Amino acid sequence: MPVFNLTINGKAHSVDVDASMPLLWAIRDVVGLTGTKFGCGIAQCGACTVHLDGSPIRSCSFPVVAAVGKKITTIEGISEKMDHAVQKAWIELQVPQCGYCQSGQIMTAVALLKTKPHPTDADIDAAMAGNICRCGTYQRVKKAIHRASELMK
Amino acid sequence: MQPTSQLDRRNFIRLSGLTGAALVLGFRSSGAEQTADAALYNLETAGSTFEVTPFVIIDKMGLITIMSNKPEMGQGTYQSIPALIAEELEVSLDKVIIKQTSGEAAYGSQTAGGSSSVRGSYNQLRKTGASAREMLVTAASQQWNVPVTECYAENASVIHKPTGKKFGYGELVETASKLEVPKNPTLKKPEDFKILGKSIQRPDIPLKVSGKAMFGMDAQVPGMVYASVERCPVFGSKLISYDDSAALKIKGVLKVVKSERVYGKNKYEGIAVVAENYWAALQGRKALKVQWDYQGFDKFNSKEYEQSLRDMAKQDGLVAHNVGDFDKTFADSGIKLEALYETPIVSHSPMEPMNCTVNWMEGNKVEVWVSTQGPNIIKKEIANSQGISQDDVKVNVMFNGGGFGRRLYGDFATEAASIARAIGKPVKMIWTREDDTQAGPFRPMTYSAMKGSLSADGKVTAFQHKVISPSINGTSNAKYDKTKVDGTMVEGISDQKYEFPNMKNAYVYSETHIPLAAWRSVTSSTLAFAHECFIDELAVKAKKDPLAFRLELMSKESDAKKVLTKIKEFSKWGSPLPKGWARGVAQYEFFAGLAAHVVEVSKKADGSIKIEKVYCVIDLGTVVNPDNVKAQVEGAVAMGITAATKDGIVFEKGQSLQTNFQNNRMLRMNEMPKVEVMILADGGAKIKGVGEPGLPPVAPAIANAIFAATGKRIRRMPFDLNKIV
Ligand code: FES
Ligand code: FES
């Protein structure tokens with residue numbers, strides 16, 4: 001059984017799991033960081049979104065072996081004091097309802113703003129269409145991304 | 001919220017997290033009566049039970065704890081319930097600790113459903129807060145030896161007006177606890193409210209933007225293992241045999257046991273693979289070889305079932321409501337319309353799939369961690385299915401990753417309990433999204449046979465709404481009485497404020513073995529589609545504007561009339577729209593409340609339809625958090641669009657064809673229209689619900705707008721916006 005060395009939020013973790021195990025379960029069940037969520041398991045909903053070297057991936061469909069040697073960032077790692085511009089905007093606009101999809105929404109939004117600091121509505125639609133929110137917070141997610149973009153100026 | 005028994009000390013300390021002495025204020029039940037009561041308890045040495053069911057606890061350091069007895073599923077009760085107390089107690093919500101109750105019998109029903117949480121608690125909880133405030137103010141006046149009229153409460157302290165002297169609440173606890181609890185405390189005037197009616201930030205939001213909110217899925221119990229359950233996707237099947245030899249060889253798999261899930265009268269067998277981590281459990285499940293006896297249920301399919309509903313539409317059914325002489329008026333009328341409306345079965349699909357963590361301990365004591373809308377339901381269903389006492393089931397209510405009615409049922413918890421009992425270890429059972437999509441229970445379909453007649457001058461002379469459907473209660477309750485009209489299945493159809501001189505509504509019951517359940521706004525979510533589209537059909541036949549036609553049908557003043565009048569103004573009904581755009585309107589009133597929507601759609605060059613904008617007016621009477629109400633209505637619109645225009649659940653060979661989000665699609669960001677919400681809150685005693693009323697008008701308003709844009713009348717949900725014309 002191989003041991004994989006993962007760097008999650010700047011910290012080293014070694015996990016002793018099956019190489020085919022999706023990164024999601026290594027993060028949740030083995031490392032114990034539960035902010036990243038399971039929603040579908042087939043890269044359809046975005047609840048499990050984390051960053052790999054800064055780019056968003058669906059961790060439910062990404063084998064743990066492929067994450068070795070890369071920088072993994074989860075929702076717990078985007079800020080220490082909840083003061084990332086995206087988090088601030090999310091609080092200001094009271095985006096979450098049940099909240100279950102929101103780690104994924106935020107991780108996707110953070111990545112979007114990195115590549116497009118001033119996204120248009122169409123950019124947001126394109127980037128966020130992979131994140132389902134069953135509670136229907138889309139209108140607020142969109143507003144909050146614009147707001148975060150302002151806050152980052 | 002009827003306290004039915006006493007809270008024991010152990011539970012109380014666990015709930016409140018407090019030690020030392022504290023003023024505890026809440027309710028005491030004496031016989032059928034329940035009265036506000038208070039006491040100073042030394043929590044370390046208090047007797048074994050507490051006579052008072054606490055809602056507010058203030059310790060000597062001034063730490064204030066408020067209980068929330070309704071689970072949080074995104075609807076905002078984590079704020080709105082404590083807000084009722086905090087407002088009267090004069091403390092700001094960010095200064096209190098909110099604790100979620102866990103199904104303790106003393107707290108009575110803790111179910112969040114039917115948009116009832118705030119409506120049901122509004123006065124009682126405010127009184128509790130007001131009693132505490134009055135006692136603290138009196139205590140301060142006694143400690144200072146000044147008239148009570150010179151003292152007032154503000155910001156968790158009592159202030160002596162003339163001198164500006166101040167006591168923190170903690171310093172008053174001892175004196176206050178010796179006072180009588182005021183029977184009729186003075187409630188604050190709405191104009192003095194600092195929390196209620198204001199858009200105050202919700203306390204759960206920071207937790208939800210940082211990954212810190214703990215959902216059922218996130219429960220961690222020392223020594224916990226994971227389980228995934230193989231069930232037969234064909235409902236009603238029996239297990240013949242299974243071979244777990246390959247499963248047991250998979251690294252991490254610990255055990256394979258039989259499980260049983262109980263949903264009302266139905267019992268579903270399963271084979272649970274228990275493993276060190278969830279991924280291993282899933283791999284083990286894939287390696288199982290299982291043989292099922294379908295018992296003929298693999299012949300069931302939606303196509304035939306739907307045809308049977310169409311055939312049954314010819315039956316008279318049971319009369320649900322009858323005024324005037326519908327039969328004769330309709331028969332004699334020269335202008336009449338008939339239409340059959342059809343709706344699908346749909347899934348709830350909260351983003352957090354069903355899951356439950358259970359620790360089965362010695363002496364059949366059970367502890368449960370679960371996302372649920374009703375901890376009492378979980379206790380009861382686990383206790384009943386396992387033949388143990390409810391008192392031995394301890395429930396930890398976690399944040400719900402969506403509820404929508406699905407988490408009003410404890411079936412998945414009974415399944416997890418059966419596994420935990422078999423293995424004697426704490427186990428977290430997680431449903432895959434496929435399980436969650438296919439295993440039900442589902443929202444039922446309803447078919448509606450509509451009839452209406454008009455006079456020559458375009459007035460409705462006779463109206464009929466006949467519902468043909470399976471029944472939620474019928475699929476779960478062994479004692480279902482099919483000789484009586486099922487009130488839930490005809491919900492709202494006889495309560496609209498349209499004045500029809502002759503109306504006869506009816507219900508035709510159709511048997512099914514598919515498990516069915518309440519879904520956000522229950523049967524109104526489908527019946528409103530038929531009801532409000534048919535009203536539109538009558539308006540068209542009468543050659544009248546659909547909104548004006550509706551208002552003409554309401555000569556008497558009513559909330560519905562007020563809401564329609566408001567939506568007309570709010571949506572600028574009748575004002576010019578861009579080319580290719582059109583509007584539709586719908587309203588619906590039912591047990592949870594009342595709302596009306598105007599939807600604007602546009603027809604694209606390729607013939608597809610886009611939902612551009614939704615205007616909503618929701619009638620509440622009294623509002624706790626306006627911004628949260630808006631969020632709830634925005635969410636109801638999104639959910640309503642999904643139910644109207646996406647896949648629904650279709651059965652073939654006895655099982656759901658839909659498995660996951662690729663074929664049971666949900667509305668996505670790029671499809672979300674702009675939503676504008678107006679809240680009617682003119683005060684008064686009447687309080688209406690928030691979570692559900694925004695849903696029923698969505699589908700009919702869209703369909704009516706599509707008719708206005710294309711001339712095509714839609715009588716079946718779901719309808720694909722890309723394939724209307
Ligand atoms: S859980 Fe990974 S995309 Fe849905
Ligand atoms: S906030 Fe509930 S699913 Fe998005």
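For clarity, every value in this text was computed on a predicted model and none was experimentally measured. Here is how names work: the chains are called A, B, and so on, in the same order as the sequence lines, proteins then strands, and each is numbered from 1.
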- Segment of B/Q201 engaging chain A (4.5 angstrom heavy-atom cut-off): both
- Message: Is B/I250 in contact with chain A via its backbone, its side chain, both, or neither, using a 4.5 Å heavy-atom distance?
- Response: neither
- From the list A/P96, A/G41, A/C133, the residue making the most non-hydrogen contacts under 4.5 Å with chain B is A/P96
- Check: A/R134 side chain, B/H348 main-chain N or O, donor-acceptor pair, under 3.5 Å: yes
- Lys/Arg-Asp/Glu bridge criterion (N-O < 4.0 Å) met for A/R140, B/D627: yes
- Any chance you could measure B/M639, atom CE, to A/C135, atom SG, to the nearest 0.5 Å? 8.0 Å
- Take A/T137 and B/E634 through the test side-chain contact (heavy atoms from CB on, under 4.5 Å) and record every step on the way to the result. CA-CA 7 Å; A/T137 62; B/E634 290 162 17; over 6 Å; no
- Query: Is it true that atom NZ of B/K428 has more than 12 heavy atoms of other residues, nucleotides or ligands lying nearer than 6.0 Å?
  - Reply: yes
- Note on the structure: Pair count under 4.5 Å, heavy atoms only, with chain B: among A/Q105, A/H84, A/M128, highest is A/M128
- If you draw a 6.0 Å radius around NZ in A/K114, do more than 12 non-hydrogen atoms from other residues or ligands fall strictly inside? yes
- Residue among B/D436, B/I205, B/L667, B/N400 with most heavy-atom pairs under 4.5 Å to chain A: B/I205
- Query: Highest number of heavy-atom pairs under 4.5 Å with chain B: which of A/D121, A/I75, A/V141?
  - Reply: A/I75
- Item | Proximal component of B/M224, with respect to chain A [non-hydrogen, under 4.5 Å] | neither
- Query: Do you know which of B/P206, B/A213, B/A638 has the most heavy-atom pairs with chain A at a distance under 4.5 angstrom?
  - Reply: B/P206
- When rounded to the nearest 0.5 Å, the distance separating CG of A/D125 from CD of B/E671 is 9.5 Å
- Message: Does atom NZ (A/K11) have a neighbourhood of more than 12 heavy atoms from anything else shown, all under 6.0 Å?
- Response: no
- Message: Quick check for you: to the nearest 0.5 Å, what is the distance between B/N355 atom CG and A/F38 atom CZ?
- Response: 9.5 Å
- Query: Which pair of non-hydrogen atoms, one from A/Q87 and one from B/V209, has the smallest distance, and what is that distance?
  - Reply: NE2-O, 2.9 Å
- Query: Which atoms of B/T437 come close to chain A, meaning under 4.5 Å heavy atom to heavy atom: side chain ones, backbone ones, both, or neither?
  - Reply: neither
- Compare all side-chain heavy atoms of B/E434 with those of A/I42 and state whether any distance is below 4.5 angstrom. yes
- Message: Report which part of A/M82 has an atom under 4.5 Å of a heavy atom belonging to chain B: side chain, backbone, both, or neither.
- Response: side chain
- Query: Which bit of B/I641 comes within less than 4.5 Å of chain A, counting heavy atoms only: side chain, backbone, both or neither?
  - Reply: neither
- Message: Between A/I106 and chain B, with a heavy-atom cut-off of 4.5 Å, which part of the residue counts as in contact: side chain, backbone, both or neither?
- Response: side chain
- Query: If you round to the nearest 0.5 Å, how far is CG of B/N663 from CD of A/Q44?
  - Reply: 8.5 Å
- Message: Under 4.5 Å from any heavy atom of chain A, what part of B/P350 do you find: side chain, backbone, both or neither?
- Response: backbone
- Checked B/N277, B/N660, B/T432 vs chain A; the most non-hydrogen pairs under 4.5 Å come from B/N660
- Item | Pair A/Q97-B/Q632, side-chain contact (heavy atoms from CB on, under 4.5 Å): steps then yes or no | CA-CA 8 Å; A/Q97 287 186 31; B/Q632 284 298 300; 3.3 Å; yes
- In terms of heavy-atom proximity below 4.5 Å to chain A, should B/F404 be classed as side chain, backbone, both, or neither? side chain
- Show your working on side-chain contact (heavy atoms from CB on, under 4.5 Å) between A/S20 and B/W279 and close with a plain yes or no. CA-CA 9 Å; A/S20 69; B/W279 180 247; 3.5 Å; yes
- Among the options A/G77, A/G99, A/A26, A/G35, pick out the one with the most heavy-atom pairs lying under 4.5 Å from chain B. A/G99
- Task: Below 4.5 Å from any heavy atom of chain A, which atoms of B/F399 appear? Answer side chain, backbone, both or neither.
- Result: neither
- Note on the structure: B/G211 and A/S103 have their tightest heavy-atom pair at CA-OG, 4.1 Å
- Between CZ of A/R28 and OH of B/Y278, what distance do you get to the nearest 0.5 Å? 10.5 Å
- Query: Heavy-atom distance under 4.5 Å to chain B: side chain of A/N131, backbone, both or neither?
  - Reply: backbone
- Task: Identify which of B/N670, B/D218, B/N628, B/V637 forms the greatest number of heavy-atom pairs closer than 4.5 Å to chain A.
- Result: B/D218
- Task: Work out which heavy atom in A/Q94 is nearest to a heavy atom in B/R202; give both atom names and the distance.
- Result: OE1-N, 2.7 Å
- Considering only heavy atoms and a distance below 4.5 Å, find which of B/Q662, B/M672, B/M351 pairs most often with chain A. B/M351
- Exercise: identify the closest heavy-atom pair between A/C40 and B/F661: CB-CD1, 3.7 Å
- Spacing of B/M73 atom CE and A/C98 atom SG [to the nearest 0.5 Å]: 10.5 Å
- In terms of side-chain geometry, is the basic nitrogen of A/K37 or B/E352 positioned less than 4.0 Å from the acidic oxygen of its partner? no
- Task: Show the numbers, then the answer: is there a side-chain contact (heavy atoms from CB on, under 4.5 Å) between B/M217 and A/Y100?
- Result: CA-CA 10 Å; B/M217 189 68 88; A/Y100 194 81; 3.5 Å; yes
